[in-house]
Visitor: 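Got a structure for you, questions after.
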Amino acid sequence: MSSKQKQHADGYVRKVGCRAPRERVFDAISTLRGVRSWWTPIVTGSPSPGDALTFGFPGLDEAIVMRIEETTFPARVRWTCLKHTSAPTWTDTGVSFELSETGPEECVLTFRHIGIDAADVAAGWDRFLTSLASLVETGAGEPYRIVNDEALDVARAYHAAWTGKDFAAARRYLAEDLQTDVPLNTYIGPDDFAAAVARFGALADRVELLAEFGSAAQALLLYDLHTQPFGTLRVAEHFTVGDGLITSIRHVHDTAALRQAG
């Protein structure tokens with residue numbers, strides 16, 4: 001432990017319960033793809049012990065460099081901050097993620113940022129640890145962004161609701177004049193479509209969000225839908241949003257498994 005770490009030995013500590021296997025959480029904190037999905041989309045370098053990762057933030061002239069000290073599957077990841085271009089108090093501080101299994105599909109993450117005053121980092125880490133939990137539980141994190149993406153915010157919220165099996169909440173994001181373009185079936189209005197989402201969503205074991213794009217009026221989510229009856233379906237879902245509600249949804253996916261099942 002460095003002298004700076006000793007000076008602020010308690011630092012910031014938070015425990016986060018995750019309704020996800022710890023192997024999935026470990027992947028989210030130990031890979032470039034994972035970290036990009038819950039902290040910031042700009043991550044370069046190598047996640048191997050002894051190497052370093054550089055984190056950038058869209059629209060900000062700021063960079064954080066972390067040396068990877070340890071990656072012990074599936075229980076622990078440790079970093080040391082080598083540089084933070086806008087917050088020098090981060091230099092030589094330590095960040096750790098410890099995972100304890102509490103059930104077959106759940107775990108507890110104990111996160112520590114040692115060597116720094118908790119008040120200086122609590123707001124940021126609270127935000128991004130919540131994003132991490134959302135990522136591993138629903139497939140959709142909330143990494144740093146500044147673009148005008150109201151439609152993407154609405155699409156994410158709708159996606160998080162139905163993948164979390166809160167189908168009533170998902171229905172509230174659908175406009176009364178909703179139009180849908182979905183393979184194999186035709187739906188009349190938002191209630192008819194919401195009922196179908198509830199039926200099909202109940203069959204989903206897991207949804208893995210692969211990519212997302214958005215603007216003020218349109219959004220696109222690409223995800224893998226893992227189900228017992230049909231296997232894995234890759235779905236591209238396009239949304240048009242107005243006044244905070246989804247006015248149209250278009251699905252593009254391979255229907256072979258669905259046709260085979262009848």
Side-chain angles (χ1 to χ4, degrees), residues 8 10-20 22 24-44 47 53-66 77-81 83-91 93-99 106-161 163-164 166 169 173 208-209 211-214 219 221 244:
H8 305 282
D10 292 336
Y12 171 90
V13 181
R14 183 178 173 188
K15 291 182 180 290
V16 181
C18 298
R19 295 186 300 274
R22 65 173 178 166
R24 189 186 308 166
V25 184
F26 183 84
D27 182 75
I29 61 180
S30 64
T31 65
L32 295 178
R33 173 180 52 82
V35 178
R36 286 170 181 157
S37 299
W38 63 267
W39 191 7
T40 176
I42 305 175
V43 186
T44 58
L53 295 176
T54 298
F55 302 86
F57 299 86
L60 297 182
D61 184 18
E62 176 177 301
I64 301 172
V65 181
M66 295 281 191
V77 172
R78 292 190 300 112
W79 303 335
T80 294
C81 183
K83 180 172 67 174
H84 190 315
T85 57
S86 65
T89 54
W90 280 52
T91 303
T93 61
V95 172
S96 67
F97 306 79
E98 305 242 358
L99 293 165
E106 58 185 38
C107 64
V108 170
L109 166 66
T110 301
F111 176 87
R112 293 181 173 87
H113 189 169
I114 303 302
I116 199 163
D117 286 331
D120 293 342
V121 297
W125 284 129
D126 283 350
R127 169 185 174 184
F128 292 117
L129 290 174
T130 299
S131 171
L132 172 58
S134 177
L135 172 66
V136 299
E137 292 181 353
T138 72
E142 290 285 345
Y144 182 86
R145 67 190 190 282
I146 60 167
V147 296
N148 179 13
D149 55 1
E150 177 188 356
L152 185 55
D153 286 340
V154 173
R156 282 190 184 118
Y158 166 78
H159 181 85
T163 58
D166 188 347
Y173 289 102
E208 181 181 2
L209 187 65
E212 55 181 26
F213 305 94
L221 302 184

Visitor: Below 4.5 Å, heavy atoms only, C-beta onward: do Leu53 and Leu32 meet side chain to side chain?
Guide: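 Contact flag for Leu53/Leu32 side chains = yes.
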Visitor: Fit a plane to each ring of Phe111 and Tyr12, take the angle between them on a 0 to 90° scale, and name the class: parallel (under 30°), tilted (30 to 60°) or perpendicular (over 60°).
Guide: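 Perpendicular, since the angle between the ring planes exceeds 60°.
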Visitor: Heavy atoms, side chains only, cut-off 4.5 Å: are Leu129 and Leu109 in contact?
Guide: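 Yes, side chains in contact.
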Visitor: What verdict does the side-chain contact (heavy atoms from CB on, under 4.5 Å) test give for Glu98 and Arg78, after you've listed the backbone C-alpha separation in whole Å, the side-chain angles of each residue and the deciding distance to 0.1 Å?
Guide: CA-CA 9 Å; Glu98 305 242 358; Arg78 292 190 300 112; 5.5 Å; no
Visitor: Taking all heavy atoms of Glu62 and all of Thr85, pick out the closest pair and write down the distance.
Guide: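 So the two residues come closest at CA-OG1, 3.3 Å.
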Visitor: Under the side-chain contact (heavy atoms from CB on, under 4.5 Å) criterion, do Trp90 and Val121 qualify, and how do the steps go?
Guide: CA-CA 9 Å; Trp90 280 52; Val121 297; 3.8 Å; yes
Visitor: Taking the side chain as everything from C-beta on, heavy atoms only, tell me whether Thr40 gets closer than 4.5 Å to Pro58.
Guide: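 Yes, their side chains come closer than 4.5 Å.
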Visitor: Between Leu99 and Arg22, which heavy-atom pair has the shortest distance, and what is it?
Guide: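 Distance-wise, the nearest heavy atoms are O-NH1, 3.1 Å.
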Visitor: Tell me if the CZ atom of Phe213 is crowded by more than 12 foreign heavy atoms within 6.0 Å.
Guide: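 Atom CZ in Phe213 is not crowded, with 12 or fewer foreign heavy atoms closer than 6.0 Å.
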Visitor: Please examine the side chains of Arg156 and Thr138, heavy atoms only from C-beta on, and report whether any two atoms are closer than 4.5 Å.
Guide: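 Result no, sub-4.5 Å side-chain heavy-atom pair not found.
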Visitor: CH2 of Trp39 to CD1 of Ile29: how many Å apart, nearest 0.5 Å?
Guide: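 Nearest 0.5 Å value for the CH2-CD1 distance: 12.5 Å.
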Visitor: Might you work through the side-chain contact (heavy atoms from CB on, under 4.5 Å) test for Tyr158 and Leu221, ending with a clear yes or no?
Guide: CA-CA 11 Å; Tyr158 166 78; Leu221 302 184; over 6 Å; no
Visitor: Can you tell me which residue pairs pass the side chain to side chain donor-acceptor pair (under 3.5 Å) test with a partner in residues 26-36, sequence neighbours excluded?
Guide: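 Listed once each, the pairs are Asp27-Arg33.
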Visitor: Is any side-chain heavy atom of Phe97 less than 4.5 Å from a side-chain heavy atom of Phe26?
Guide: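 When only atoms from C-beta onward are counted, Phe26 and Phe97 do not touch, as no gap falls below 4.5 Å.
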Visitor: Between Cys81 and Val95, does a side-chain contact (heavy atoms from CB on, under 4.5 Å) hold up when you go through it step by step?
Guide: CA-CA 8 Å; Cys81 183; Val95 172; 5.9 Å; no
Visitor: Given Phe55, which partner from the list Phe128, Trp79, Tyr144 fulfils the ring-ring contact (aromatic ring centres under 6.0 Å, His included) test?
Guide: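 Output: one option passes, namely Trp79.
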Visitor: Compare every heavy atom of Ile116 with every heavy atom of Thr93, then report the nearest pair and how far apart it is.
Guide: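 In terms of heavy atoms, the two residues are closest at CG2-CB, 4.1 Å.
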Visitor: Could you check whether any side-chain heavy atom of His113 comes within less than 4.5 Å of a side-chain heavy atom of Trp125, counting everything from C-beta outward?
Guide: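 Answer yes - side chains close enough.
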Visitor: Looking only at non-hydrogen atoms, find the nearest pair between Ala28 and Trp38 and report the distance.
Guide: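 Minimum heavy-atom contact is O-NE1, 2.8 Å.
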Visitor: Could you measure the distance from the NZ atom of Lys15 to the CZ atom of Arg112? Nearest 0.5 Å is fine.
Guide: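 The CZ atom of Arg112 is 6.0 Å from NZ of Lys15, to the nearest 0.5 Å.
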Visitor: For Ala140 versus Ser134, what's the shortest heavy-atom pair and its separation?
Guide: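 Ala140 and Ser134 have their closest heavy atoms at O-OG, 2.5 Å.
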Visitor: Quick one: does Glu142's side chain get under 4.5 Å of Arg127's, heavy atoms only?
Guide: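 Contact flag for Glu142/Arg127 side chains = no.
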Visitor: How about Glu212 and Leu152: do any of their side-chain heavy atoms sit closer than 4.5 Å?
Guide: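 Result yes, sub-4.5 Å side-chain heavy-atom pair found.
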Visitor: Any idea which heavy atoms bring Ser131 and Ser37 closest together, and the distance?
Guide: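 Closest heavy-atom pair between Ser131 and Ser37: OG-O, 4.3 Å.
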